[in-house]
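Every number for a ligand or one of its atoms is a count from 1 in the order of the listing. Quick caveat, the model's predicted, so the values are computed rather than measured.
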Amino acid sequence: MSQQKFQSQDGKVQLVGAGPGDPELITVKGSRALETADVIVYDRLANPDLLSITSEESEHIYVGKRPGKPSVSQDQINHILITKAREGKKVVRLKGGDSFVFGRGGEECMALKAADIPYEVVPGISSALAAPAFAGIPVTHRKVARSFTVVTGHTIKKSDSFEEWEHLAKADTLVILMGMRNLPNITERLISFGRDADTPAAVIEKATYESQQTVVATLATIADEAAHLSSPATIVVGELASKGKELNWFQKESIEQETTTNEKFVTNFAG
Ligand code: SAH
């Protein structure tokens with residue numbers, strides 16, 4: 001058996017969820033996969049700091065959006081994954097959040113399966129969960145929300161189905177990804193399908209990064225109040241979104257406020 005043939009039998013692809021941003025939020029399994037990978041194919045929402053744990057010899061291929069340049073198509077990405085695995089390489093396809101949550105992981109698995117390339121999926125913490133968590137917004141809560149729904153806000157203009165919006169307007173907690181550009185349309189649509197305009201709503205921008213920003217308002221006001229925030233941001237609609245005010249534990253301002261209060265307390269106490 002030639003060396004080449006032996007190698008090509010060893011090649012495989014691991015679809016690894018990088019988590020929402022904070023590099024510590026990748027799984028242990030995901031980080032081990034990165035450490036031992038020959039090739040890492042990554043995109044915009046995977047925190048590039050994670051590449052620092054890869055081996056020096058590893059090859060890094062960026063396939064995310066590049067301003068002013070044509071983006072790499074899904075077919076091209078599939079081609080890269082297949083070609084590198086056929087060379088006998090251990091390939092990590094690194095995606096922001098979880099690969100199977102609006103991450104095209106399904107398409108990549110289908111392409112790999114068709115090409116007879118072994119693959120594994122290492123789940124990641126999706127921003128759909130991490131953004132509310134880092135804003136202090138539980139997505140379920142006894143007696144308040146027994147379920148949560150995750151939806152893309154990207155296709156709202158195309159999806160005019162009455163049933164879909166009637167259903168979304170009734171969700172206990174609605175988590176919307178890729179919704180910032182369409183936020184005014186989304187809130188209008190939810191209200192027109194019966195959701196109370198006073199329902200709490202929150203937008204969490206760059207969740208889990210130090211620069212995270214959160215705005216908590218109502219369905220009627222959130223589009224204006226959060227107009228200064230931009231992608232990547234996660235929108236949460238439902239009673240529990242109001243918890244973002246009282247349970248916020250992460251953002252700098254509140255930590256600073258606490259420190260000042262503590263210092264004051266200490267000063268007063270000492271004085
Ligand atoms: N697979 C990813 C989602 C990809 S879709 C996941 O599981 O998280 C991209 C959308 O995810 C963005 O438009 C935004 O709505 C959301 N998103 C990703 N990273 C985020 C972050 N750090 N903070 C807030 N939202 C984020």
_NZ/NE/NH1/NH2 to OD/OE distance under 4.0 Å, D43 and R93_ = yes

*Side chains of Q251 and T214: donor-acceptor distance under 3.5 Å anywhere?*
yes

*Does at least one non-hydrogen atom of K206 fall below 4.0 angstrom from an atom of ligand 1?*
yes

*For D98, is the nearest heavy atom under 4.0 Å from an atom of ligand 1?*
yes

*How about F102: does its CZ atom have over 12 heavy atoms from other parts shown lying under 6.0 Å from it?*
yes

*Looking at atom 25 (N) of ligand 1, what's its closest protein heavy atom, distance included?*
T234 OG1, 2.8 Å

*So which of G105, S127, P20 gets nearest to atom 8 (O) of ligand 1, if we judge by its closest heavy atom?*
S127

*Under 4.0 Å from a heavy atom of I204: give me the atoms of ligand 1 that qualify, with their elements.*
24 (C)

*asked:* Under 3.5 Å between any N/O of I176 and any N/O of ligand 1: does that happen in this structure?
replied: no

_List ligand 1 atoms under 4.0 Å from L177, heavy atoms only on the residue side._
15 (O), 16 (C)

_Subset of ligand 1 atoms that lie under 4.0 Å from at least one heavy atom of L45_ = 9 (C), 18 (C)

_For a side-chain contact (heavy atoms from CB on, under 4.5 Å) check, start with the C-alpha distance between V16 and I26, then their side-chain angles and the critical distance, and finish with the verdict._
CA-CA 9 Å; V16 175; I26 192 169; 4.1 Å; yes

*Can E35 and R32 be counted as an ion pair, charged N to O under 4.0 angstrom?*
no

_Using the rule that Ile, Leu, Val, Met, Phe, Trp and Tyr join whenever any side-chain heavy atoms are under 4.5 Å apart, tell me whether F134 and V216 fall into a single cluster._
no

*May I ask which of S126, G19, A207, G96 has a heavy atom nearer to atom 21 (C) of ligand 1 than the others do?*
A207

*Identity and distance of the protein heavy atom lying nearest atom 10 (C) of ligand 1*: M178 CG, 3.7 Å

*Within reach of ligand 1, part of M180 (heavy-atom separation under 4.0 Å)*: neither

*Going by heavy-atom distance to atom 14 (C) of ligand 1, choose the closest among A46, S99, A233.*
A233

*What's the shortest heavy-atom distance between L240 and H141, and which atoms?*
CD2-CB, 3.6 Å

*asked:* Can a donor-acceptor pair be found, under 3.5 Å and without considering hydrogens, that links the side chain of S126 to the backbone of L129?
replied: no

*Ignoring angles and geometry beyond distance, decide whether I125 reaches within less than 3.5 Å of ligand 1 through its nitrogen or oxygen atoms.*
no

